[in-house]
Asker: 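Got a structure for you, written out below as structure tokens; questions coming shortly.
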Amino acid sequence: MLLYDHKEIEKKWQNYWAENGTFQAQNHSEKPKFYALDMFPYPSGAGLHVGHPLGYIASDIVSRYKRHTGFNVLHPMGYDSFGLPAEQYAIQTGQHPAITTKDNIARYREQMDRIGFSFDWSREIKTSSPDYYKYTQEIFIMLFDSWYDNIADKARPISELEFCFRESGTTSINAATNEDLRQFTAADWNSFIEQEQREILLDYRLTFLADTEVNWCPALGTVLANDEIVNGVSERGGHPVVRKKMRQWMMRISAFAERLLSDLDGLDWSESIKEIQRNWIGKSIGSMVTFKLEGNFPLGGNAAGNGNKIDVFTTRPDTIYGVTFMTLAPEHELVDIITTAEQKAAVEAYKKATSARSERERMADVKTISGVFTGAYALHPLSGEKIPVWIGDYVLAGYGTGAVMAVPCGDERDHAFANYFAGQNGMPEIKNIFKDVDISEEAYAAKDDTKITNSEFLNGMSYKSGAMTAAIEKLEEVGAGKGKTNYRLRDAVFSRQRYWGEPFPVYYKDGLPQMIDRKHLPLELPEVDEYLPTEDGAPPLGRATYWSWCTQENKVVSNDDDRDCVYPLELNTMPGWAGSSWYMFRYMDANNENEMFSSEAQEYWENVNLYIGGSEHATGHLLYSRFWVKLLHDLGKVTVNEPFKKMINQGMILGESFFADKIEVKMASSNSENNLFLGCSVDSKIKVDNVITHEGIDYTVLNRIKNGYRIEFAHNYVNSDNLLTSADYYSILKFDFGYGKEGVDGGLANIVWFDDNGLDEKAEDRYIFLHREAEKMSKSKYNVVNPDDICDQYGADTLRLYEMFLGPLEQAKPWNTAGITGVYGFMKKLWKLYHDENSFNVIDEKASPDSMKTLHKTIKKTREDIENFSFNTSVSSFMIAVNELTAQKCNNREVLESLAVLVSPYAPHIAEELWSLLGHSESISEAAFPVFEEKYLVESSKTYPI
RNA sequence: GCUCGAGUGGUGGAAUUGGUAGACACGUUGGACUUAAAAUCCAAUGGGUAGUAAUGCCCGUACGGGUUCAAGUCCCGUCUCGAGUACCA
């Protein structure tokens with residue numbers, strides 16, 4: 001064999017690996033462990049494009065390298081297979097999501113197998129498989145059976161809380177709960193009936209039912225989490241989202257806020273992801289301040305049962321003497337109570353107007369200032385001054401207490417509000433408490449050394465010199481406040497009104513939720529006739545007539561074997577992130593039928609050494625999985641506090657599209673005078689700023705179009721009376737003139753064509769100018785490149801090398817198939833090194849010093865590059881090595897044997913083939929990675945002029 | 001608006017962390033081979049300029065300053081692009 005035949009080689013070794021289980025990881029080993037994990041994919045109907053495997057290739061290179069260097073490597077793969085698209089497809093076609101999911105998985109597997117990954121497929125998992133979600137349901141029960149002890153700062157079993165209640169009531173308890181809960185003694189607790197006790201406990205559990213304002217998406221028929229909404233519309237599909245009160249399962253992630261924040265410091269993640277999570281958690285340190293209301297109002301207004309005061313949260317208690325008014329959110333519960341008769345009409349009108357505005361409108365016009373005076377006054381806790389109380393929609397009901405003390409001199413929004421209503425009844429003049437600062441134009445919000453004035457005991461202090469602490473101390477002294485830390489992070493809504501998700505292991509008895517006994521799990525997803533919600537608004541599971549172990553329609557017998565009692569089941573399903581929040585542990589013991597994973601397996605593999613995936617999950621998956629792992633840790637289920645020690649976020653591979661800026665063409669056969677546009681993307685944005693004239697035609701650009709043009713998309717644009725009779729090269733663009741441009745009439749596609757010389761010379765008056773642009777690869781943009789095609793034409797090794805060669809892993813970069821020939825050329829040259837004209841030809845003689853130098857230079861570089869995840873420069877160094885060795889006519893075993901191992905993580909198929917040609921019977925994955933030796937590099941030390 | 005990150009040839013990108021900028025590859029141009037094409041191989045390729053030539057000189061890492069023997073790299077200011085976030089008190 002002389003020619004490099006990638007097809008035969010790759011098939012051969014892929015079969016060999018599969019048959020020999022080459023990459024199966026052992027749960028016991030003398031070697032140190034290494035766990036490399038990719039974010040598992042959602043198997044969509046579109047299959048993989050060249051962007052998907054990028055991260056998998058990187059993790060595969062590291063995994064193979066780690067095997068070569070003596071590690072026991074776990075490198076698994078699976079599917080996050082519950083989710084919306086399969087269900088929406090089901091709603092449209094009636095096709096069962098399980099079937100489409102199965103087909104899609106088969107296709108994904110086929111595509112991945114062709115790329116030659118060293119995955120341990122014996123550990124494959126699917127989140128939609130009952131064997132798997134059985135344990136997702138179990139974790140839900142664990143959450144239900146836990147509460148958060150703020151004193152121990154950990155989650156604890158609910159039974160321990162019950163014990164405390166029995167012994168001492170609520171006196172010694174500091175728990176993360178919904179709101180300020182009522183206090184009781186041990187005697188009280190023991191006198192409560194069971195129903196009452198259960199209701200109380202529900203407020204303490206880490207997953208609980210709550211009537212909350214949720215993001216309801218009517219078009220999708222479900223509730224969405226905050227991170228599933230982008231700019232006020234659903235992330236998936238872009239449908240409007242409205243606020244609605246619903247009874248939902250919630251996850252008490254807020255209890256873990258501080259740990260989720262502080263543990264970020266110990267993670268080897270990119271600073272940007274950590275920063276996103278920090279912002280999302282949104283810690284602010286400040287204090288609560290209580291303002292007494294002037295006059296007497298009916299009791300029972302707010303949570304603490306006292307309607308005579310307003311509590312606010314502030315991060316600037318040091319500006320307490322700058323307060324000139326207060327603002328409540330329009331939804332604040334005190335509004336109706338304190339509004340005076342004269343202001344009643346105005347307040348009602350304002351409340352009505354704000355509630356009519358959708359979330360989207362409110363967000364879209366944050367600039368508009370609106371509000372109204374309630375007529376009521378509060379009293380300044382320190383000076384006793386009368387402080388008018390306003391309402392305004394710049395105050396959010398959901399953050400802090402839904403009320404603020406307004407300090408116009410120190411807060412931009414308060415400043416704007418005060419100015420807007422200046423002179424009106426109830427709006428005092430702005431008071432300046434900052435020495436030598438002009439606040440007439442804008443507020444002074446900096447937290448610096450600026451001295452405070454007009455502030456009694458705070459005079460002369462500054463934010464930096466401890467004014468805040470002094471203010472808090474004083475407030476505590478007079479009983480009007482205390483230090484407090486607030487988090488932006490809210491509890492996560494866990495219910496989805498959908499079919500294709502994990503069923504909750506829950507039934508309801510006397511209106512209170514009960515967990516289905518673990519011995520009955522999994523509670524399997526039942527069959528339904530349709531995947532839409534029922535007419536009465538129940539989720540799709542309301543249509544189920546048969547559940548795996550239920551006795552009657554939608555009903556279960558109770559756990560206490562009271563077979564005469566039947567209870568309704570929970571009909572919601574879990575959100576997409578449920579299954580993905582713990583999957584990294586299931587891989588450790590994926591086929592365990594008795595428990596989610598054995599503690600031995602977890603203790604051996606600990607957690608993930610290297611996690612590779614996109615950064616788009618920063619506030620979703622990556623936060624939720626950290627939350628669940630902390631829970632599992634607190635309950636003694638796992639030994640680690642964090643799931644992913646190190647993470648690399650690979651950048652997106654973009655598709656390349658061509659856009660016409662402007663074309664002027666006169667065509668003999670056409671009535672249209674001009675304005676033909678050309679490009680390769682149907683979904684075109686146009687830029688008209690680059691108009692060129694007759695003289696300005698850039699033939700280089702034209703030629704590039706010719707090369708970049710992809711003929712398979714042409715048919716999308718050809719219409720019946722097309723003009724493409726004699727064109728050698730042509731490209732047509734459907735184009736909407738009116739798209740986002742003013743003063744341009746709408747218009748449609750036309751045609752332009754080239755001959756071999758670029759622009760058709762016969763049609764002299766056709767002018768075009770265009771540019772290319774990288775954009776996200778997607779079916780609708782006609783710029784998708786399928787890895788199968790690349791494997792067919794160039795082989796998997798070339799694909800792997802090229803994806804790495806493209807640029808730094810973490811960076812977004814455009815795909816250009818034309819460039820792959822360089823890497824393919826390298827593969828052929830590599831092959832040639834081991835062959836002469838007729839056959840395999842490697843000699844045992846000692847290699848030349850030059851060759852040894854080339855080899856060791858490359859060993860050093862390859863090791864460093866893999867350790868630093870700098871795969872692109874590593875590929876370059878291979879190319880240099882092969883060029884040099886070719887020039888040196890090197891075919892010595894001592895060099896070529898090492899070279900094969902060096903490239904093996906990147907191009908495993910050819911490496912295996914060469915390894916076997918070199919006479920080895922074992923897989924190259926058993927080979928030790930070459931060790932760099934300094935002595936072969938004789939570098940002259942550089943001198944520099946002084 | 002705020003918070004990060006980034007600006008290097010026609011293109012993707014290198015530069016051992018302050019030490020000959022543009023490695024490697026694409027593209028382009030010229031050449032060899034071929035009836036021809038493909039494939040392969042060789043050479044040139046940041047810009048300008050002088051010379052028949054070998055070769056030489058000048059300018060060049062978004063822009064303007066600065067530190068240094070030496071700056072793509074460090075400091076100050078400006079501009080542009082990308083990402084995240086958005087009334088969080």
Side-chain angles (χ1 to χ4, degrees), chain A residues 3 230-232 270-284 286-287 289 312-317 319 323 326-327 329 362-369 392-407 410-414 416-417 445 486-490 615-616 618-619 649 651-652 654 656 698-701 703-704 707-708 772 774 801-802 805-808 810-826 828-829 832 857 860-861 864-865 870 872-883 886 939 942-946:
Chain A
L3 287 177
V230 178
N231 293 330
S270 78
E271 224 16 74
S272 70
I273 294 268
K274 290 202 221 175
E275 200 57 33
I276 291 171
Q277 290 210 349
R278 285 189 194 111
N279 290 340
W280 191 259
I281 294 165
K283 180 177 184 173
S284 21
S287 72
V289 184
V312 301
F313 173 73
T314 178
T315 53
R316 296 296 300 274
T319 64
V323 175
M326 300 186 75
T327 314
R362 249 173 103 155
M363 277 164 63
D365 105 308
V366 296
K367 298 279 182 293
T368 316
I369 295 162
D393 69 357
Y394 79 95
V395 177
L396 302 176
Y399 184 77
T401 61
V404 301
M405 58 178 225
V407 184
D411 182 280
E412 208 42 65
R413 295 153 302 174
D414 295 341
F417 197 85
N486 245 339
Y487 298 91
R488 200 181 76 108
L489 183 70
R490 323 264 180 95
S615 56
E616 67 272 20
T619 54
N649 305 111
M652 208 187 307
L654 304 165
E656 198 169 49
D698 182 348
Y699 281 92
T700 321
V701 174
N703 279 318
R704 196 159 307 126
N707 290 309
R772 52 184 178 175
L801 281 163
Y802 187 55
F805 181 68
L806 229 38
E810 305 197 58
Q811 189 177 303
K813 49 214 171 267
W815 176 273
N816 176 8
T817 303
I820 206 169
T821 54
V823 173
Y824 191 53
F826 159 77
K828 288 190 279 196
K829 286 185 217 164
K832 268 185 159 173
K857 194 171 71 179
K860 184 164 187 265
K861 184 93 176 100
E864 284 170 1
D865 282 345
S870 175
N872 56 326
T873 52
S874 199
V875 176
S876 296
S877 76
F878 292 152
M879 291 180 175
I880 295 168
V882 167
N883 287 344
T886 305
E939 296 267 20
K942 289 176 186 171
T943 50
Y944 303 104
I946 304 162

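A note on names: the letters A, B, ... follow the listed sequences, proteins ahead of strands, and every chain is numbered from 1. Computed from a predicted model, the values in this text were never measured in an experiment.
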Asker: Counting side-chain heavy atoms from C-beta on, which of B:rU40, B:rC41, B:rC88 comes nearest to A:R490?
Answerer: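 Given the options B:rU40, B:rC41, B:rC88, the side chain of A:R490 is closest to B:rC88.
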Asker: Base, sugar-phosphate, or nothing for A:T821, non-hydrogen atoms under 4.0 angstrom?
Answerer: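 Sugar-phosphate, no base atom in range.
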Asker: Quote, to the nearest angstrom, the P distance that separates B:rC4 from B:rG77.
Answerer: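 These two P atoms come out 14 Å apart once rounded.
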Asker: For atom CE of A:M879, is the number of surrounding heavy atoms from other residues, nucleotides or ligands below 6.0 Å larger than 12?
Answerer: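 Above 12, so yes.
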Asker: List the atom of A:A329, the atom of A:V395, and the distance in Å for their closest heavy-atom pair.
Answerer: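 Residues A:A329 and A:V395, closest heavy atoms: CB-O, 3.3 Å.
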Asker: Whole angstrom is fine here: how far is it from CG in A:L654 over to P in B:rG82?
Answerer: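 My rounded result for the distance is 13 Å.
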Asker: Begin from the C-alpha positions of A:T886 and A:K832 and carry the test side-chain contact (heavy atoms from CB on, under 4.5 Å) through to its verdict.
Answerer: CA-CA 9 Å; A:T886 305; A:K832 268 185 159 173; over 6 Å; no
Asker: Going through the checks in order, is the salt bridge (charged side-chain N to carboxylate O under 4.0 Å, His left out) test met by A:E275 and A:R278?
Answerer: CA-CA 5 Å; A:E275 200 57 33; A:R278 285 189 194 111; 3.0 Å; yes
Asker: Classify the glycosidic conformation of B:rG9 as syn or anti, calling it syn when the angle lies within 90° of 0.
Answerer: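 Syn for B:rG9; the angle stays within 90° of 0.
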Asker: Using a 4.5 Å cut-off on heavy atoms from C-beta on, say whether the side chain of A:F826 contacts that of A:Y802.
Answerer: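 When only atoms from C-beta onward are counted, A:F826 and A:Y802 do not touch, as no gap falls below 4.5 Å.
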Asker: If the glycosidic angle sits within 90 degrees of zero it is syn, else anti. Tell me which applies to B:rU17.
Answerer: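 Syn for B:rU17; the angle stays within 90° of 0.
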Asker: Distance check, P atoms only: B:rA53 and B:rG7, in whole angstrom units.
Answerer: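 One P to the other, the span is 39 Å.
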Asker: Quick one: A:I273 CD1 to B:rG5 C1', roughly how many Å, whole number?
Answerer: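 It is 13 Å, rounded to the nearest whole Å.
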Asker: Quick one: are A:P317 and A:T319 in side-chain contact, heavy atoms under 4.5 Å?
Answerer: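 With C-beta onward as the side chain, the pair stays apart.
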Asker: In whole angstrom, give the distance that lies between atom CD of A:E412 and atom P of B:rA86.
Answerer: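 Distance check: A:E412 CD to B:rA86 P gives 20 Å.
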Asker: Can you tell me if the side-chain N/O atoms of A:N883 get under 4.0 Å from OP1 or OP2 in B:rA23?
Answerer: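 For B:rA23, neither OP1 nor OP2 has a side-chain N or O of A:N883 closer than 4.0 Å.
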Asker: A:V312 and A:V404: which non-hydrogen atoms are nearest, and at how many Å?
Answerer: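 Result for this residue pair: CG1-C, 3.7 Å.
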Asker: Could you pull out all residues at least two apart from A:F417 that satisfy ring-ring contact (aromatic ring centres under 6.0 Å, His included)?
Answerer: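 With neighbours one apart ignored, the set is A:F325, A:W390, A:Y394, A:F421.
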Asker: Once you round it to whole Å, what is the distance between P of B:rC88 and CZ of A:R316?
Answerer: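 For the pair A:R316 CZ and B:rC88 P, the rounded distance is 14 Å.
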Asker: Both distances under 3.5 Å, Watson-Crick or G-U wobble: on that basis, could you give the dot-bracket string for RNA chain B, with [ ] for crossing pairs and | for other-strand partners?
Answerer: (((((((..(((......[....)))((((((.......))))))(((((....)))))..(((((..]....))))))))))))....
Asker: Taking the same atom, C1', in B:rA23 and in B:rG9, what whole-Å distance lies between them?
Answerer: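 The answer is 13 Å between these two C1' atoms.
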Asker: Round to the nearest Å and state the distance from A:K857 atom NZ to B:rC24 atom C1'.
Answerer: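 My rounded result for the distance is 12 Å.
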Asker: Working to the nearest 0.5 angstrom, can you tell me the gap between A:S287 OG and A:R316 CZ?
Answerer: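 Answer for the OG-CZ pair, A:S287 versus A:R316, is 11.5 Å.
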Asker: Would you kindly give the CD-to-P distance between A:E271 and B:rG84, to the nearest whole Å?
Answerer: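 The answer, rounded to whole Å, is 18 Å.
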Asker: Would you measure the distance from the C1' atom in B:rC88 across to the matching atom in B:rG18 and give it in whole Å?
Answerer: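 Comparing C1' positions in B:rC88 and B:rG18 gives a spacing of 44 Å.
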Asker: Pick out the pairs of N or O atoms, protein on one side and nucleotides 12-15 of chain B on the other, that lie under 3.5 Å.
Answerer:
from   : atom 1 : to     : atom 2 : distance (Å)
B:rG12 : O2'    : A:L806 : O      : 2.6
B:rG13 : OP1    : A:Q811 : NE2    : 2.5
B:rG13 : O3'    : A:N872 : ND2    : 3.4
B:rA14 : OP1    : A:N872 : ND2    : 3.0

Asker: Rounding to a whole Å, what distance do you find between A:D865:CG and B:rA23:P?
Answerer: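 Distance, rounded to whole Å: 18 Å.
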Asker: Using whole Å, what does the distance between atom P of nucleotide B:rG5 and atom CG of A:N279 come to?
Answerer: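 Taking atom P of B:rG5 as the reference, CG of A:N279 is at 13 Å.
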Asker: Taking for each residue the nucleotide of RNA chain B with the nearest heavy atom, is it A:I880 or A:T401 whose nucleotide lies nearer the 5' end?
Answerer: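 The residue closer to the strand's 5' end, by nearest nucleotide, is A:I880.
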Asker: For RNA chain B, whose closest nucleotide is more 5', that of A:Y802 or that of A:S284?
Answerer: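 The residue mapped nearer the 5' terminus is A:Y802.
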Asker: For B:rU8 versus B:rU73, give the span between their C1' atoms, rounded off to a whole number of Å.
Answerer: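 B:rU8 and B:rU73 have their C1' atoms separated by 12 Å.
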Asker: What integer number of Å spans the P atoms of B:rG60 and B:rG48?
Answerer: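 Taking atom P in both B:rG60 and B:rG48, they lie 15 Å apart.
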Asker: P atom, B:rA38 versus B:rG19: distance in rounded Å?
Answerer: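 So the two P atoms sit 44 Å from each other.
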Asker: Quick check: closest heavy atoms across A:T401 and A:F313, and the distance to 0.1 Å?
Answerer: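 So the minimum-distance heavy-atom pair works out to OG1-N, 4.0 Å.
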Asker: Measuring only the C1' atom in each nucleotide, how far is B:rA83 from B:rU67? A whole number of Å is fine.
Answerer: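 Pairwise C1' distance, B:rA83 against B:rU67, rounds to 33 Å.
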Asker: From B:rA89, B:rA86, B:rU3, pick the nucleotide closest to the side chain of A:W280?
Answerer: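 Looking only at side-chain atoms, A:W280 lies closest to B:rA86.
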